[in-house]
Number of protein chains: 2
Amino acid sequence: MTSTKAATDTSPRSAPKEGSGVVPAEQRRQRLSPDERREQIFACAQKLFALRPYEEVSATDIAAAAGVARGLVNHYFGNKRGLYLEVVRLNSTVSEVAVATLPDGTLQERIDASVTWFLDTLEHTGGTWLALGSGGMGRDPDLERILVEAENDSVERLMEAMGLAGRGEGQEQVRAMMRVYAQLARSGAREWLLRKTLSRRQVHTLLSGTLLGIVRDAVPALTPATGPHRGPA
Amino acid sequence: MTSTKAATDTSPRSAPKEGSGVVPAEQRRQRLSPDERREQIFACAQKLFALRPYEEVSATDIAAAAGVARGLVNHYFGNKRGLYLEVVRLNSTVSEVAVATLPDGTLQERIDASVTWFLDTLEHTGGTWLALGSGGMGRDPDLERILVEAENDSVERLMEAMGLAGRGEGQEQVRAMMRVYAQLARSGAREWLLRKTLSRRQVHTLLSGTLLGIVRDAVPALTPATGPHRGPA
DNA sequence: AGAATTATTGACATCATGTCAATAGACCGT
DNA sequence: ACGGTCTATTGACATGATGTCAATAATTCT
């Protein structure tokens, strides 16, 4: 439109010149199995996206880091966005080990154990997860869906640990409250690990106290007269 | 480089052809004062950024919406990013009216009033503010700074309302806890207004209860033995 | 070995962004 | 009114990023 360059449209495609010269030393092409290559590119992308924000990482950068032609990135992941979403999806779930192994003690004890486990996990696997809920660039529907989905997993496990699992009634609302709490947990962890304004003990107190309060007060408060309709028994 | 179009490079700059033809009806150029024009462009950008995510809004779109050449956007805001940051900065602060007019009753009462005011404000000024903390695109240092700064404002006012203002000691840590709480508040409001999973009453209960718990339990818990050093009295 | 398969490449075409000289509105003094 | 000055505004670059696709070369199979 703007530039009328158009050129020989009938010619199929001019053959790549390949001209520059020989490539330094290494073997010129390393041919891998699709799975391997995909994973390799993915790893590089993960590293780069953790380093600087989305739009400052070019597909060229990723390809270069993987030692690969840029086109290959698109070949495996469609587009940069798709690749990014996969990276996020992987990093947005907190590892799901050892939730079944919770004590059967009082609510307070179970909460303490959960919080301890949560903080332990974070202390090791560290920052990537924390960064997610933070900066609010353009809220993206797909991205948000991924994040919400991951949050739902955590919430489900949290409810199980709290013994709030199978109550059909206010289920959806309890879930919502746990989701809200999850934001608090994330934010608290951020103050601890990223900004370093709170000690671990303080965060622990904050999180467990708050969770106890919610489970004890807010959750029961919605069971008697829950929805807009559906009167009390 | 790629396309050898180049053309007469010695000529200073080929004069704009201006060719197409006369422009429909309106006056061709509307010359405004810089302030007016700036504001107008800003308004259009705000509208568009509220509608779709950052990178799906092109500078061309903004310019078109404002009925202006794309170059003018850059002239006034430097680059698209700068414009976006300004939009965010404006929308990231919750209006600061009427915090001074808080009752002097019990803590519980003051909290209820604060939460009520908060929810009222949100109910009117609505969604833009809520969307901010949500999607986590590339966490961006500048953007994050703006968000944190705005959050600090809210936190400051919140502390004032809670009567936690001038305690020199754990000040920074109290602030951190309030910041954490602010995330909970935002998240709760989101469940109410955006996802519609909780009623206003439920959110109110959740927020006020949690805040009460924090102010009553978590905050005092850090004053006796606050930092890593500084032993108990 | 040679044929067949397919992972990989590199060159487009398109689009977005930022820059800047040139242009044309508006305002002024005369 | 009129010409001159100021500057808001434009449009054409230059650059870089993205996605597509036929051509190429590294494997595997026979």
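Values in this document were obtained by computation on a predicted structure and should not be read as measured data. The figures here come from the full heavy-atom set of this structure, side chains too, leaving out hydrogens, waters and symmetry mates. Chain letters run A, B, ... following the sequence lines, proteins first, then strands; residues in each count from 1.
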- Item | Step-by-step salt bridge (charged side-chain N to carboxylate O under 4.0 Å, His left out) determination, A:Arg200 to A:Asp120 | CA-CA 10 Å; A:Arg200 170 164 176 159; A:Asp120 277 348; 3.0 Å; yes
Can you check the [X] [atom1] to [N] [atom2] distance for me, whole Å?
X	N	atom1	atom2	value
A:Lys80	D:dT20	NZ	P	15 Å
B:Leu48	C:dA16	CG	P	14 Å
B:His75	C:dT23	NE2	P	18 Å
A:Tyr84	D:dG19	OH	C1'	20 Å
B:Asn74	D:dT9	CG	P	14 Å
A:Gln30	D:dA25	CD	C1'	14 Å
B:Ile62	C:dG18	CD1	P	10 Å
A:Tyr76	C:dT6	OH	P	12 Å

In terms of side-chain heavy atoms of [X], which of [options] is nearest?
X	options	answer
B:Val68	D:dT10, C:dT17, C:dT8	D:dT10
A:Ala69	D:dT9, D:dT18, C:dT9	C:dT9
A:Leu72	C:dA16, C:dT8, D:dG19	C:dT8
B:Arg31	C:dT17, D:dT9, D:dG19	D:dT9

- Task: Taking salt bridge (Lys or Arg N to Asp or Glu O under 4.0 Å) as the test, write out the residues that go with A:Glu156, two or more places apart.
- Result: A:Arg175
- Message: Whether the side chain of A:Lys80 engages the backbone of A:Val57 through a donor-acceptor N/O pair (distance < 3.5 Å, no angle test) should be reported.
- Response: yes
- Query: Hey, does the side chain of B:Asp61 reach the backbone of B:Ser58 with a donor-acceptor pair shorter than 3.5 angstrom?
  - Reply: yes
- Message: Quiz question: going by heavy-atom distance under 3.5 Å, is there a donor-acceptor pair between the base of C:dG10 and the side chain of A:Arg70?
- Response: no
- Message: Under 3.5 Å, is there a donor on one side chain and an acceptor on the other for A:Glu191 and B:Gln173?
- Response: no
- Task: Using a 4.5 Å cut-off on heavy atoms from C-beta on, say whether the side chain of A:Tyr76 contacts that of A:Leu83.
- Result: no
- Message: In terms of relative ring orientation, are A:Phe49 and A:Tyr54 parallel, tilted or perpendicular, with 30° and 60° separating the classes?
- Response: parallel
- Message: At a heavy-atom distance below 4.0 Å, what parts of residues 32-42 of chain A sit against DNA chain C?
- Response: A:Leu32, A:Pro34, A:Arg37
